[in-house]
Structure formats: structure tokens, C-alpha cells
Amino acid sequence: MPRRIAPSTDRAAAALLLGCAPNQVGYCARCQGLTRRYGPAAQVVCAACRAAEAPSRDDDAG
């Protein structure tokens, strides 16, 4: 499961984790963690929040 990048993380370090340029890093609209907010492949919501909202495979069983 993806992990939240704390907002106190250096933007250059967050960019390395996200695979983007530091000027593409911004805040997640839900948790305020850092995400690739600008540029190509930008996401308003971070990967950790998207993973948390995705239905689990257990929900389909039954």
C-alpha cells in the first residue's frame, strides 16, 4: 500500500520519491501530504488516499 509523504518532507526528496521535478510537488487535497500535483500525470489526491478509497478485493467476495 502506498505511504503518505509528510508535508514537512523536503520537496526535492519528495520529488525523487514521486519521480517528478520539485516544482511539480504539491499538497494532497485530502490529507495535505505531498503528491505530484502539477504537470503531466498530476493527481489532486495522493496515492495513499487513492489506495485507501479503492474497494478491497474482500468486498467483492460473498
Side-chain angles (χ1 to χ4, degrees):
M1 182 157 172
R3 296 178 68 182
R4 179 179 182 265
I5 301 173
S8 60
T9 304
D10 179 67
R11 290 202 182 236
L16 286 173
L17 293 170
L18 295 166
C20 64
N23 65 346
Q24 294 175 322
V25 175
Y27 296 105
C28 171
R30 292 202 180 132
C31 72
Q32 299 304 305
L34 296 178
T35 189
R36 182 187 288 195
R37 184 72 191 260
Y38 308 102
Q43 295 287 327
V44 175
V45 178
C46 71
C49 287
R50 285 194 312 274
E53 74 182 16
S56 70
R57 293 180 185 206
D58 295 336
D59 291 345
D60 293 337

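Below, each value reflects all heavy atoms present in this structure, side chains not excepted, and no hydrogens, waters or symmetry copies.
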**OP:** State, to 0.1 Å, how close Gly33 and Pro7 come at their nearest heavy-atom pair, and which atoms those are.
**Re:** CA-CD, 4.2 Å

**OP:** Would you verify whether the NZ or CZ of Arg4 falls within 45 degrees of the ring axis of Tyr27 while also being under 6.0 Å from that six-membered ring's centre?
**Re:** no

Subject >> Heavy-atom side-chain proximity of Pro40 to Gln24 below 4.5 angstrom >> reply: yes

Original post:
For the atom pair OG1 (Thr9) and CG (Leu17), what is the distance rounded to the nearest 0.5 Å?
Top reply: 7.5 Å

Original post:
Which atom pair, heavy atoms only, marks the closest approach of Ala15 to Ala21?
Top reply: CB-C, 3.7 Å

**OP:** Of all the heavy-atom pairs spanning Ile5 and Ala14, show the shortest one and how long it is.
**Re:** CG2-CB, 4.1 Å

Subject >> Interatomic spacing from CG in Leu18 to CZ in Arg37 - rounded to 0.5 Å >> reply: 13.0 Å

Subject >> Nearest-0.5 Å distance that lies between atom SG in Cys46 and atom CD in Gln32 >> reply: 10.0 Å

Original post:
Is any side-chain heavy atom of Arg36 less than 4.5 Å from a side-chain heavy atom of Val25?
Top reply: no

